Visitor: 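Below is the structure I would like to discuss, written out as structure tokens.
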2 protein chains.
Amino acid sequence: MIKYVYDFSEGSSDMKALLGGKGAYLAQMVKEGLPVPSGFTVTTKACLRYLQQEKGFMDALWVDVQAALSRLEERMGKTLGSDSDPLLLSVRSGAPVSMPGMMDTVLNLGLNDETRSALAAMSGNDRFAWDSYRRFIQMFGDVVKGVAGEKFESLLDDVKRENVVTYDNQLGPDALEDLVCRYKTLYKKETGEDFPSDPMVQLKLAVEAVFDSWNTPRAKTYRKIHHMADDMGTAVNVMAMVYGNLGDDSGTGVCFSRNPADGEKKLYGEFLINAQGEDVVAGIRTPQPIAALEGVMPDIYRDLSEKVENLESRFQEMQDIEFTVERGKLYILQTRTGKRSAQAAVKIAVDMANEGLISKKTAIGRVTPDQVERLLHSQIDPGYVPEVLAQGLPASPGAAVGQIVFDPDEAVRLSDKGESVLLVRPETTPDDIHGLYAARGILTSRGGMTSHAAVVARGLGKPCVSGAEDLLIDLEGKRLIIGDRIFSEGDVLTVDGSTGRVIEGSVPLSLPSISGELETILDWSDEVSALQVWANGDTPDDAKRARSFGAKGIGLCRTEHMFMAEDRFPVMQRMVVAKELEERKAALEELRAMQKEDFMGIFREMDGLPVIVRLLDPPLHEFLPRVSELDKRIAQAEESGQDASALRKVKDRAENLREVNPMLGFRGCRLGLVYPEIYEMQIRAIFDAMSELTDVDLKVEIMMPLVQTKREMSILKEMVLSIAGEYEAGSLKYLVGTMIELPRAALRAGELAEDAEFFSFGTNDLTQTCLGLSRDDVEAKFMKDYVEKGVFKLSPFHELDRDGVGELMSIALQRGREVRPDISVGICGEHGGNPESIAFCHSIGLDYVSCSPFRVPVARIAAAWSALGLLK
Amino acid sequence: MIKYVYDFSEGSSDMKALLGGKGAYLAQMVKEGLPVPSGFTVTTKACLRYLQQEKGFMDALWVDVQAALSRLEERMGKTLGSDSDPLLLSVRSGAPVSMPGMMDTVLNLGLNDETRSALAAMSGNDRFAWDSYRRFIQMFGDVVKGVAGEKFESLLDDVKRENVVTYDNQLGPDALEDLVCRYKTLYKKETGEDFPSDPMVQLKLAVEAVFDSWNTPRAKTYRKIHHMADDMGTAVNVMAMVYGNLGDDSGTGVCFSRNPADGEKKLYGEFLINAQGEDVVAGIRTPQPIAALEGVMPDIYRDLSEKVENLESRFQEMQDIEFTVERGKLYILQTRTGKRSAQAAVKIAVDMANEGLISKKTAIGRVTPDQVERLLHSQIDPGYVPEVLAQGLPASPGAAVGQIVFDPDEAVRLSDKGESVLLVRPETTPDDIHGLYAARGILTSRGGMTSHAAVVARGLGKPCVSGAEDLLIDLEGKRLIIGDRIFSEGDVLTVDGSTGRVIEGSVPLSLPSISGELETILDWSDEVSALQVWANGDTPDDAKRARSFGAKGIGLCRTEHMFMAEDRFPVMQRMVVAKELEERKAALEELRAMQKEDFMGIFREMDGLPVIVRLLDPPLHEFLPRVSELDKRIAQAEESGQDASALRKVKDRAENLREVNPMLGFRGCRLGLVYPEIYEMQIRAIFDAMSELTDVDLKVEIMMPLVQTKREMSILKEMVLSIAGEYEAGSLKYLVGTMIELPRAALRAGELAEDAEFFSFGTNDLTQTCLGLSRDDVEAKFMKDYVEKGVFKLSPFHELDRDGVGELMSIALQRGREVRPDISVGICGEHGGNPESIAFCHSIGLDYVSCSPFRVPVARIAAAWSALGLLK
């Protein structure tokens with residue numbers, strides 16, 4: 001015969017699957033001799049059989065429940081429904097994993113008109129007894145019978161109005177008795193039945209309601225989204241009520257074994273004398289800090305402190321405990337793992353490991369990648385409730401405050417003067433890059449999570465809200481219109497890139513603090529990780545930051561960003577517009593000297609660590625103004641009688657280079673094959689830099705973008721080898737490799753590996769091509785719909801699409817390693833900073849992930865989690 | 001000991017690999033007792049050993065050659081170098097496969113000052129002997145020693161000028177003697193050696209020159225391009241000269257066993273009395289038709305006819321024969337398979353099969369897909385040499401003559417009046433579709449082989465030249481500027497879409513003729529094919545044409561083209577612009593009735609055959625004018641004081657829908673999921689049409705575009721099933737399937753097949769995404785470079801990329817059939833009409849290919865070739 005009901009004394013903490021989390025912990029506490037009110041747990045198995053609607057099961061189960069109840073009555077010396085010393089019960093759900101949408105708590109079960117009188121007599125407090133009664137009816141009606149809570153609240157409001165009082169606790173016993181009467185009438189009207197006065201009926205209905213709550217739509221959806229099994233079921237915990245409100249020798253409170261805000265190892269929490277748990281929540285009386293308990297009830301305080309510490313040691317985790325003191329006796333009502341801030345999580349994990357309470361590996365598992373991420377960005381003070389003007393996409397986390405400007409040049413001008421500015425644009429382009437650098441935060445009305453603005457912002461670690469579609473941006477008038485509000489240049493706004501909120505005025509921010517413990521936990525992470533974490537970075541500053549955040553290399557140094565600087569842009573344009581090879585080569589020679597300097601700076605910063613330099617990737621038209629812009633400039637020049645022929649030449653070239661689908665166009669190594677002089681210049685600049693840095697331990701790798709045929713790869717490799725031959729023989733050590741960012745490249749990885757000495761997955765483009773999704777277009781246009789309809793769990797630009805892109809990666813890896821077993825393979829798309837995607841990279845056996853310097857700490861913990869099997 | 005030299009009498013036609021094609025055929029003729037001048041063949045194996053530069057090999061070989069020469073001298077009763085009755089030789093290369101770049105022929109080898117005198121005496125013609133001598137020196141100098149032919153020609157011109165004559169044959173013996181002297185001087189100057197007077201030295205040099213010509217750069221490149229092995233080598237044929245110019249009882253000629261122009265079974269060719277082979281080619285005397293030989297030399301004619309017929313029977317192929325009559329004796333100098341026109345190829349193949357000479361399968365192999373293609377388009381008369389104004393891409397084959405117009409509306413207006421027009425545009429868009437329909441041919445200055453204009457033109461079977469970059473098109477001024485020429489609307493041009501030429505004026509065209517034999521050969525093709533050939537077609541007219549060309553179904557009916565008609569476009573625009581669901585639904589109801597009519601027409605035409613209807617695919621902005629166009633219209637409206645608010649609404653929507661990469665944007669089933677009402681309308685229109693066509697055998701299949709996740713497919717299938725439920729139960733029989741046009745779709749084909757009942761590979765888009773190539777952009781911008789550099793053999797939009805796209809297709813096929821073994825799988829991208837791509841489709845086991853109706857005949861023969869292993 002299967003046992004469906006366990007007294008608390010019969011279970012233990014390893015029976016979570018059967019008794020639920022709450023029940024198992026209660027049982028363990030009883031086992032350890034802690035003062036837990038008596039009770040029993042109806043198992044999750046009972047729930048599942050009940051839900052199968054098996055005939056007669058509930059009757060059979062009820063026999064067991066009644067037996068457990070009898071034992072409970074015996075232990076407590078009280079009887080359910082007794083009109084002298086009635087036993088009251090709390091009934092709570094308790095699934096193996098906590099989950100929203102489940103039925104919560106019914107307190108004071110067992111009350112009816114008779115037992116209420118007995119409770120009044122026992123407590124010597126008639127008002128308390130009526131209040132408990134009306135709360136019980138309300139709670140039972142709401143959570144067991146689904147009578148809308150507002151309807152009870154509305155009656156409560158009526159009674160308060162009639163009695164001319166403001167707060168619930170100002171109502172006297174007569175008023176509450178009146179309210180109980182009205183509640184019963186409401187209950188009958190809504191359910192068609194009298195409120196059950198029989199405590200056994202109350203109990204049965206409550207237990208069944210807990211069972212049923214396992215299958216509420218909300219609970220089912222939650223399980224679906226979180227990939228949780230539907231066949232766990234929930235347990236039901238039935239516990240004798242104890243009272244903290246029986247006088248000044250009673251009280252109630254919650255406490256944590258360590259400070260959940262900052263992690264300090266010190267009892268933390270609050271309590272109320274002569275009160276029930278609900279009163280703490282209701283906020284009518286202000287609870288006292290737990291330290292004050294020492295003065296009021298020194299023995300209890302000592303007892304509690306000791307028990308809390310024991311519980312923490314027992315469960316090797318920070319505990320969140322509910323306790324009640326009934327007439328000088330301490331009861332522990334619940335203990336569970338305490339929730340904590342990101343900062344606390346890190347400190348607690350490191351402290352506990354240092355205390356020897358947990359292992360380093362366990363400590364790593366106590367800090368989630370999300371928590372590390374939260375530690376690295378400015379945040380709007382969690383306590384502050386801001387006025388939200390508009391909602392966009394949370395494109396790059398963190399919050400920023402600044403004067404709004406609409407023009408990148410103006411952003412630079414103000415920023416140079418020391419002002420904080422927010423750059424506000426419909427969308428951004430590479431033309432705006434100097435403005436993005438200068439701004440504290442970015443706000444766009446168009447574009448998705450992976451628009452230009454979003455990508456650059458994340459790369460820079462700057463807050464960005466993108467695609468805030470309610471914004472009307474009047475660039476000429478330099479005005480931002482949101483509904484009926486108009487903001488002009490210089491007005492101050494706050495953007496919250498973690499949530500997508502756009503907020504009026506200056507909002508107080510909490511600044512990131514990277515504590516010593518964070519460094520410790522990340523170092524421990526590196527020890528267990530199989531994957532290395534590298535960073536994408538285009539400047540010596542990026543490299544420095546990456547290194548300081550613990551990056552083990554530069555996985556992607558985009559050479560095109562170097563051309564965006566103010567002194568280089570005109571030279572670059574001259575190169576692009578050049579019709580003759582000689583003209584182009586002249587411009588390239590100028591760029592060569594500039595690039596050499598850039599490379600020297602980066603190589604020096606990364607002394608001893610690898611740097612992967614990617615040759616020019618974007619289509620050339622990105623270096624020219626738009627045709628419409630050029631039309632304007634030409635018209636202006638002509639109006640003022642100037643010669644517009646140079647501008648016309650630029651326009652001709654811009655038109656000639658214009659593309660319908662630039663993503664699939666004339667870019668990447670296609671440029672390097674059609675205009676070999678461009679790549680040759682870049683390769684020479686790299687070798688020039690290497691030749692000068694005789695005191696640096698160089699590990700330079702040259703990467704070709706958008707390669708997909710063996711012929712492309714071999715032409716490009718030959719180009720590098722031949723240029724290397726121009727330098728002192730044998731003086732240059734370097735690798736040549738390729739991005740894998742097209743499906744064909746993944747499929748042909750075997751033959752690419754014949755020439756390529758390393759691969760780097762460009763998963764941004766690989767996602768775009770594998771899924772036929774333009775990240776510039778689809779995020780704003782239909783990704784939301786697609787996620788809602790369940791087509792994608794999340795945007796595949798955010799979390800790597802394992803089934804499509806992931807399979808291509810696996811294929812490429814396998815085929816590449818077959819040909820070149822020691823080939824180094826990493827990922828440099830934005831997925832390299834996404835924990836779930838990192839877990840996938842780990843699972844297929846990549847050598848490293850490379851991400852924005854700002855995401856390196858997140859990636860380091862995620863890599864460790866992956867190695868520990870905590871993230872899959 | 002390996003035998004390196006074969007007398008003609010020792011070989012046979014099955015020894016091609018060893019003796020080369022020419023040598024093997026000569027040997028076979030000797031074996032059959034035909035009158036072939038005696039000679040011998042130095043084998044391909046000898047060539048290969050010679051090329052390995054093996055020491056002493058040539059000396060060893062020469063012993064064999066000398067022995068063969070002695071046997072030849074004995075048979076001929078003449079001696080090489082004899083000053084009384086000298087043997088002269090022709091030396092010709094003869095590889096197993098004919099190939100340009102190989103050394104051709106040296107005639108009259110053996111001449112020197114002494115033997116020349118003997119030849120003069122023997123022929124009684126001193127002038128002839130001098131002329132033969134000077135020709136020999138010229139030929140030898142050019143082909144054996146690489147002395148540029150022009151240098152000899154220049155000396156010849158000098159002598160003609162000095163002698164004041166116009167033609168070579170006006171030069172007398174003295175002048176020719178003078179020329180021989182000058183030739184020898186030139187030879188010495190260029191080679192540093194005296195012209196070799198020793199006939200044995202001449203022979204050795206000639207043989208070595210033939211061997212060396214195997215490895216000329218041109219020959220090597222040719223073999224590389226055509227995937228031919230480098231280790232075949234070439235043979236050398238050494239044959240005794242016979243003379244057709246020894247009087248009126250001598251002559252020379254060429255003839256074919258059937259007419260190579262039209263295929264008629266009748267001796268065809270021409271001859272000259274008292275002439276050598278070269279004279280026929282030189283064009284100084286006009287040869288007579290072969291029929292005339294019957295009157296001049298009746299015995300020879302009868303003898304020749306009989307021998308030619310025997311040769312055709314022997315080789316089961318139409319023969320191309322060189323013959324010489326020397327003093328009343330007929331010699332066959334060469335026989336080979338005759339080249340023929342496309343029309344002749346078809347007729348000869350069918351006739352020979354009907355005559356029982358070859359099997360039906362062999363007959364199919366005698367007609368290439370290219371030949372079938374040539375039969376189906378108007379061509380510029382091959383004899384006509386046009387003045388080419390500009391060169392573009394050969395985007396859609398065939399030639400067209402017409403007045404140029406720059407505006408699609410004007411094209412329609414003129415075409416309605418019965419005029420032939422050519423539509424000239426920088427590039428075309430779906431807005432121009434009515435103009436494309438109306439025009440005879442299309443000419444664009446931008447866009448590649450797969451630009452909108454090119455794709456539509458091929459679909460319509462209309463000639464198109466695209467990307468003619470030298471064209472300057474002044475749309476406003478309605479002028480076309482090419483260099484310093486200006487053409488205005490109404491001027492007549494000719495475009496040749498087979499070659500990309502743009503030609504001034506009206507050029508004579510030869511019109512396509514589909515003979516009865518073509519129908520026969522295609523029917524035979526269908527009998528042996530494993531693949532069916534279906535057609536893409538969007539209208540009842542297309543369906544009718546497809547059926548008449550032998551299509552076995554409609555593989556792609558694009559519903560969007562139906563919205564382009566003049567009466568529908570405004571309704572479609574209203575639908576696109578609608579902000580509210582109700583407004584959109586009202587427009588959709590109007591479209592539903594229109595689409596129903598379209599479907600009824602197509603379904604009726606295809607009675608009994610399958611029709612795959614694809615739901616709306618292109619991004620919605622394709623149905624709106626461009627933003628720049630709308631700006632213009634708004635400005636116009638405002639200037640004339642009209643209300644522009646409706647136009648503004650359209651502009652807002654157009655801006656909102658604008659995409660950076662429309663190819664990867666909001667299109668395909670993404671539209672159907674976000675705006676289900678659009679697909680619901682289309683599905684209802686299909687079912688409405690089916691419900692009315694009670695007398696038609698319906699095989700309707702509904703196809704979803706751009707699907708790549710199981711969830712998309714299942715939502716869409718459910719949509720169809722649920723709408724079907726609205727119709728009379730069980731009355732509708734149909735299939736639901738999907739395009740496979742994204743790499744992810746190919747990879748996830750297994751789960752897609754759970755819902756999809758058929759797959760159709762959209763290889764245009766699959767190529768774009770797998771290779772990251774926008775066909776609108778790359779063809780013009782860098783495909784030419786890429787093909788030249790050997791990155792792609794051909795544009796992957798023209799011939800399917802087997803290694804990338806092809807692997808995805810194989811994966812999809814395998815995974816789809818694993819889940820649904822009877823799933824029907826075809827291809828509807830443009831590759832479906834490309835023979836090499838069809839061969840690939842055959843090889844992986846597709847069920848059908850679907851292509852433009854105009855390419856159905858080509859596809860049918862290609863499918864048969866694939867089944868017969870002739871095309872791989």
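All chains are named by letter (A, B, ...) in the order of the sequence lines, taking the proteins before the strands, and each is independently numbered beginning at 1. Please read these numbers as outputs of a predicted model, since none were measured by experiment.
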Visitor: Output the option from Thr769(B), Val805(B), Val674(B), Leu808(B) having the highest count of non-hydrogen pairs under 4.5 Å with chain A.
Guide: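 Ranked by contacts with chain A, first place is Thr769(B).
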Visitor: Name the region of Asp785(A), side chain, backbone, both or neither, that has any atom closer than 4.5 Å to a heavy atom of chain B.
Guide: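 Only the side chain of Asp785(A) comes within 4.5 Å of chain B.
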Visitor: Quick one: side-chain hydrogen bond (donor to acceptor under 3.5 Å, both in side chains) partners of Arg648(A), sequence neighbours excluded?
Guide: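 So Arg648(A) forms a side-chain hydrogen bond (donor to acceptor under 3.5 Å, both in side chains) with Glu638(A).
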Visitor: What part of Arg670(A) is in contact with chain B, defined as an atom under 4.5 angstrom from a non-hydrogen atom: side chain, backbone, both or neither?
Guide: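 Answer is both: backbone and side chain atoms of Arg670(A) are under 4.5 Å from chain B.
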Visitor: Counting only non-hydrogen atoms closer than 4.5 Å, does Asn656(A) touch chain B with its backbone (N, CA, C, O), its side chain (CB onward), both, or neither?
Guide: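 Contact with chain B: backbone only.
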Visitor: Taking all non-hydrogen atoms of both residues, which atom of Cys770(B) and which atom of Leu747(A) are closest, and how far apart?
Guide: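 Scanning both residues, the minimum pair turns out to be SG-CD1, 4.5 Å.
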Visitor: Between Leu706(B) and chain A, with a heavy-atom cut-off of 4.5 Å, which part of the residue counts as in contact: side chain, backbone, both or neither?
Guide: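 Interface part for Leu706(B): neither.
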Visitor: So Leu773(B) and Leu664(A), do their side chains get closer than 4.5 Å, heavy atoms only?
Guide: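 No, every pair of side-chain atoms sits at 4.5 Å or beyond.
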Visitor: For chain B, which candidate among Glu751(A), Glu712(A), Glu788(A) shows the most heavy-atom pairs at distances under 4.5 Å?
Guide: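 The option with the most such pairs is Glu712(A).
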Visitor: Which pair of non-hydrogen atoms, one from Tyr786(B) and one from Cys669(A), has the smallest distance, and what is that distance?
Guide: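 So the minimum-distance heavy-atom pair works out to OH-SG, 3.9 Å.
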Visitor: So, Glu807(A) and Arg815(B), do they make that salt bridge, N to O below 4.0 Å?
Guide: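 Result for this pair is yes, salt bridge flagged.
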Visitor: Does the Asp777(A) side chain pair with the main chain of Val660(B), one donor and one acceptor, at a distance under 3.5 Å?
Guide: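 Pair found, side chain donor or acceptor close to backbone of Val660(B).
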Visitor: When you measure from the side chain of Arg711(B) to the backbone of Phe792(A), do you find a donor-acceptor pair of N or O atoms at a distance under 3.5 Å?
Guide: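 No, the answer is negative, given that no donor and acceptor are paired below the 3.5 Å cut-off.
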Visitor: Counting only heavy atoms from other residues, nucleotides and ligands, does the tally under 6.0 Å from NZ of Lys789(A) exceed 12?
Guide: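 Atom NZ in Lys789(A) is packed in, count exceeds 12.
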Visitor: With sequence neighbours excluded, what pairs up with Ala745(B) under the side-chain contact (heavy atoms from CB on, under 4.5 Å) test?
Guide: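 So Ala745(B) forms a side-chain contact (heavy atoms from CB on, under 4.5 Å) with Gln708(B), Ile740(B), Leu742(B), Leu752(B).
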